[in-house]
> 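Right, I'll just put the structure down here and ask away after.
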Amino acid sequence: MMTTNKLTKILSGVAVLGAATATVVGIAASPSHAAVTLADLLAPGASFLVDDKLFTDFFFQPTQPAGGCLISLCGPVDPAAIMVGPATTAHGPGLKFTGLFFAQGGVMYDIALGYTVEVLDPHKWIRDIHMTVDGTMVGEGDLEIIETVRKPDDTVVGQCKVDNHTYAGLSCGMDLIGLHKKLKVRKDIELMGFDHVNMTTPEEVSFSILDQEFSQTVPEPGTILGLLAVGGLGLVSRLKRQK
C-alpha cells in the first residue's frame, strides 16, 4: 500500500510543478512555461494554444468505479488536480499532463481523457502521434493507456498503447493514416491495483506525467492537391445526402 508520507511527497512535488507553470486559459503557451488546470479547460469554449496547435473540447470522465472513488484510494478524481501545459520536443508541439494518477492496492481506476487538436499553420499537417509516461512512478500494479485518434467524422486513423509490463513500454509513436489538419484524441487510462503477473495480489500503481506530441510535415504540392481533392469529394457526398 502507498504510505501517507509517500503520497504526501508525490502530491507536494506535483503541486510545486503546477504552481511554477500556471497561467491563464486562452493565452498562447511557450515551451518553457504556461499551464492551467484541466478543470479550467473543461469550461465551455476553453482552449489552449501551443505554437501552431490549438487544443479544444477537453473532456475528463472517470469510468470505473462509476463516479470516481475516494481520493485516498485512487485519483485524480478532480480535474483541478491535473495541470496541463505545453510539451515541445523533437517530435513536435503537444501537451504535458501533470498530476498524481494512482490506484491503491486492490483498487481499479479507469479514466477517459481527451480533446481536439487543430493545426493553425495553413502549410503544415499532422502526420504522427507520440505518447510517453514519465515522472514519478511507484508500485508494481498494472498500468495501461490506449490512445485512439479519429478524424472529425470519427474515422479511426491511429492507435497507440503504453503499459508498464510488456514490450510495448512506456513510450509509443506511430504514423497516422494520412495527413490531417484536425483530429479528435481519446486516452483510456487504466490503473489496476493488482500485480500484473498474479492478479489476486494487491499492488499499488501510479505515475505523474503524461506527454503527448504531434509531428508535423509540409506536404509536397501534389500531396496537398490530393488531400484537397479527397476533402472536396467528401463535401460533395455530404451535400448529395442532404438533398
> Group every Ile, Leu, Val, Met, Phe, Trp and Tyr by side-chain heavy-atom contacts under 4.5 Å, then state whether I146 and V205 land in the same group.
no

> How long is the straight-line distance from CG of L73 back to CD of E204, given to the nearest 0.5 Å?
12.5 Å

> Could you check whether any side-chain heavy atom of L120 comes within less than 4.5 Å of a side-chain heavy atom of D51, counting everything from C-beta outward?
no

> To the nearest 0.5 Å, what is the distance between CG on D175 and CG on D128?
5.5 Å

> Write out all pairs satisfying salt bridge (charged side-chain N to carboxylate O under 4.0 Å, His left out) with one or both partners inside residues 184-194, taking only residues at least two apart or from two chains.
E147-K187, D154-K184, R186-D188

> For a side chain to side chain contact (heavy atoms under 4.5 Å, CB included) check, start with the C-alpha distance between L38 and L113, then their side-chain angles and the critical distance, and finish with the verdict.
CA-CA 10 Å; L38 181 56; L113 188 160; 4.2 Å; yes

> To the nearest 0.5 Å, how far apart are CG in L95 and CG in L210?
9.5 Å

> Could you pull out all residues at least two apart from M108 that satisfy side-chain contact (heavy atoms from CB on, under 4.5 Å)?
Q64, M192, F194

> Output all residues satisfying side-chain contact (heavy atoms from CB on, under 4.5 Å) with I177, sequence neighbours left out; order by chain, then residue number.
V157

> Take F48 and F55 through the ring-ring contact (aromatic ring centres under 6.0 Å, His included) test and state the conclusion after the steps.
CA-CA 5 Å; F48 197 78; F55 297 89; 7.3 Å; no

> On a heavy-atom basis, which atom in D163 and which in L170 lie closest, and how many Å separate them?
O-CD2, 3.3 Å

> What is the distance from atom CD1 of I71 to atom CG of D78, rounded to the nearest 0.5 Å?
7.5 Å

> Could you work out, with ring-ring contact (aromatic ring centres under 6.0 Å, His included) as the rule, every residue matching F214, not counting sequence neighbours?
none

> Indicate yes or no: at least one non-hydrogen side-chain atom of L179 is less than 4.5 angstrom from one of I126.
no

> Assigning hydrophobic clusters by single linkage (Ile, Leu, Val, Met, Phe, Trp, Tyr; side-chain heavy-atom cutoff under 4.5 Å), is L70 placed with V107?
yes

> For a 4.5 angstrom cut-off between non-hydrogen side-chain atoms, does L100 reach S206?
yes

> List the atom pairs, with distances to 0.1 Å, where a side-chain N or O of residues 138-145 and a protein N or O form a donor-acceptor pair under 3.5 Å, not counting sequence neighbours.
unit_1: D142; atom_1: OD1; unit_2: H165; atom_2: ND1; d: 2.6
unit_1: E144; atom_1: OE1; unit_2: K161; atom_2: NZ; d: 3.3

> Scan residues 130-150 for pairs that pass ring pair (Phe, Tyr, Trp, His ring centres under 6.0 Å), counting only residues two or more places apart or in two chains.
H91-H130

> Let me see the working for K182 and V117 under side chain to side chain contact (heavy atoms under 4.5 Å, CB included), right down to the final yes or no.
CA-CA 6 Å; K182 190 172 185 178; V117 56; over 6 Å; no

> If you compare all heavy atoms of G105 against all heavy atoms of P202, which two are closest, and at what distance to 0.1 Å?
C-CB, 3.7 Å

> Taking C-beta and beyond as the side chain, do F60 and L42 meet within less than 4.5 Å on heavy atoms?
yes

> I want to know whether F207 and F101 have ring centres closer than 6.0 Å.
yes

> Restricting to side chain to side chain donor-acceptor pair (under 3.5 Å), what partner residues turn up for T148, sequence neighbours left out?
Q159

> Is there any disulfide (SG to SG under 2.5 Å) pair reaching into residues 106-166, and which pairs are they, with sequence neighbours excluded?
C160-C172

> Would you name the heavy atoms of L41 and S47 that are closest together and state the gap between them?
CD2-O, 3.7 Å

> If you take all heavy atoms of C69 and Y109, which pair is closest and at what distance?
SG-CD1, 4.4 Å

> So, for A103 and C74, which heavy atoms are closest and what is the spacing to 0.1 Å?
CA-CB, 4.0 Å

> Using side-chain heavy atoms (C-beta onward) and a distance below 4.5 Å, is T37 in contact with M83?
yes

> If you measure from CG on L176 to CG on L183, what distance do you get to the nearest 0.5 Å?
6.0 Å

> Could you pull out all residues at least two apart from D52 that satisfy side chain to side chain donor-acceptor pair (under 3.5 Å)?
Q216

> Taking salt bridge (Lys or Arg N to Asp or Glu O under 4.0 Å) as the definition, give me every residue that meets it alongside D211, ordered by chain and number, with sequence neighbours left out.
K96

> Partners of Q61 by side chain to side chain donor-acceptor pair (under 3.5 Å), sequence neighbours excluded?
none

> Could you check whether D153 and T155, counting side-chain N and O atoms only, form a donor-acceptor pair closer than 3.5 Å?
yes

> Listed by chain and number, what are the side chain to side chain donor-acceptor pair (under 3.5 Å) partners of T201, not counting sequence neighbours?
N198

> Can you find a heavy atom in the side chain of H180 that is under 4.5 Å from one in the side chain of W125?
no

> Report the distance from atom CD1 of I111 to atom CD1 of I189, rounding to the nearest 0.5 Å.
5.0 Å

